Amino acid sequence: MIKPDGVQRNLVGEIIKRFENKGFTLVGLKMMSVSRELAEKHYDVHKDRPFFGGLVEFIISAPVVATIWEGEGVVAAARKIIGATDPLNAEPGTIRGDFGVSIGRNLIHGSDAIETAQREISLWFSESESLSWEPSLKSWLYE
Ligand code: IDP
Ligand code: MG
């Protein structure tokens, strides 16, 4: 999910391009305003952390772009492409390392495990909004 700062900083194309270029397949995409209920459910695991309130306010403050990506190892690879939570610790070449300076404005959320991804996809998307398709490049991406 490209957070409000990623959208406001005109990085939607740049961020999506990185996942496309890597070889992952975009199977869901929507721009949306996030309800407080969805933001709170999404970050439920952090509800007792001091930053929770500010994080929820931030996520609902302006539109986000939610995406679903498909491919072998995509969840773990996406976390690498995204980089460390604190952009100042994120390696150059990662999204947060290249574009961010502050942990509360780190541009993008990525699911941290397959089970989390399943939960988050069902939270953010209806079934008809997820469109699995066969990339014609597949045999050039996988042996
Ligand atoms: P992640 O996004 O890399 O998975 P999490 O630890 O799951 O990082 O935290 C969720 C989000 O909460 C982070 O992306 C960041 O925006 C915010 N966050 C985490 N720790 C802090 C903090 O110490 N201060 C402010 N915001 C934080
Ligand atoms: Mg997380």
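Here, residue 1 is the first one in the sequence, and each next residue gets the next number. Keep in mind that what you see is a predicted model, and the values were worked out from it rather than measured. Note that ligands are numbered from 1 as they come in the structure, with each ligand's atoms numbered from 1 the same way.
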For [atom], find the nearest protein heavy atom and state the residue, atom name and distance (0.1 Å precision).
atom                    : value
atom 11 (C) of ligand 1 : Leu55 CD2, 3.9 Å
atom 1 (P) of ligand 1  : Thr85 OG1, 3.6 Å
atom 2 (O) of ligand 1  : Arg96 NH2, 3.0 Å

Query raised in the report: So is His109 polar-close to ligand 1, meaning N/O to N/O under 3.5 Å?
Result: no
Report summary line: Checking heavy atoms under 4.0 Å, the part of His42 that sits near ligand 1 is neither
Report summary line: Nearest heavy-atom contact between Ala39 and Val34 is N-CG1, 3.8 Å
Report task. Answer yes or no: is there an ion pair linking Lys138 with Glu134, defined by an N-O contact shorter than 4.0 Å? Result -> yes
Query raised in the report: Are any of the side-chain nitrogens in Arg36 or Glu57 under 4.0 Å away from the carboxylate oxygens of its partner?
Result: yes
Any chance [atom1] of [X] has more than 12 other-residue heavy atoms, nucleotides or ligands included, within less than 6.0 Å?
X      : atom1 : answer
Lys30  : NZ    : yes
Ile114 : CD1   : no
Trp133 : CH2   : yes

Requested in this report: Check each atom of ligand 1 against the heavy atoms of His46 and keep those under 4.0 Å away; list them by number with element.
Outcome: 5 (P), 6 (O), 7 (O), 9 (O), 10 (C)
Proximity flag [X] to ligand 1, non-hydrogen atoms under 4.0 Å:
X      : value
Asn106 : yes
Lys3   : yes
Arg79  : yes

Query raised in the report: Any link between Val12 and Ile15 through a network of hydrophobic side chains (Ile, Leu, Val, Met, Phe, Trp, Tyr) touching at under 4.5 Å?
Result: yes
Query raised in the report: Among Phe51, Phe52, Tyr43, Phe58, which residue places a heavy atom closest to atom 20 (N) of ligand 1?
Result: Phe51
Query - Of the listed options Ile103, Thr116, Val56, closest to atom 25 (C) of ligand 1 (non-hydrogen atoms) - result: Ile103
Requested in this report: May I ask you to check if Arg9 and Phe99 form a cation-pi contact, with NZ or CZ under 6.0 angstrom from the six-membered ring centre and within 45° of the axis?
Outcome: no
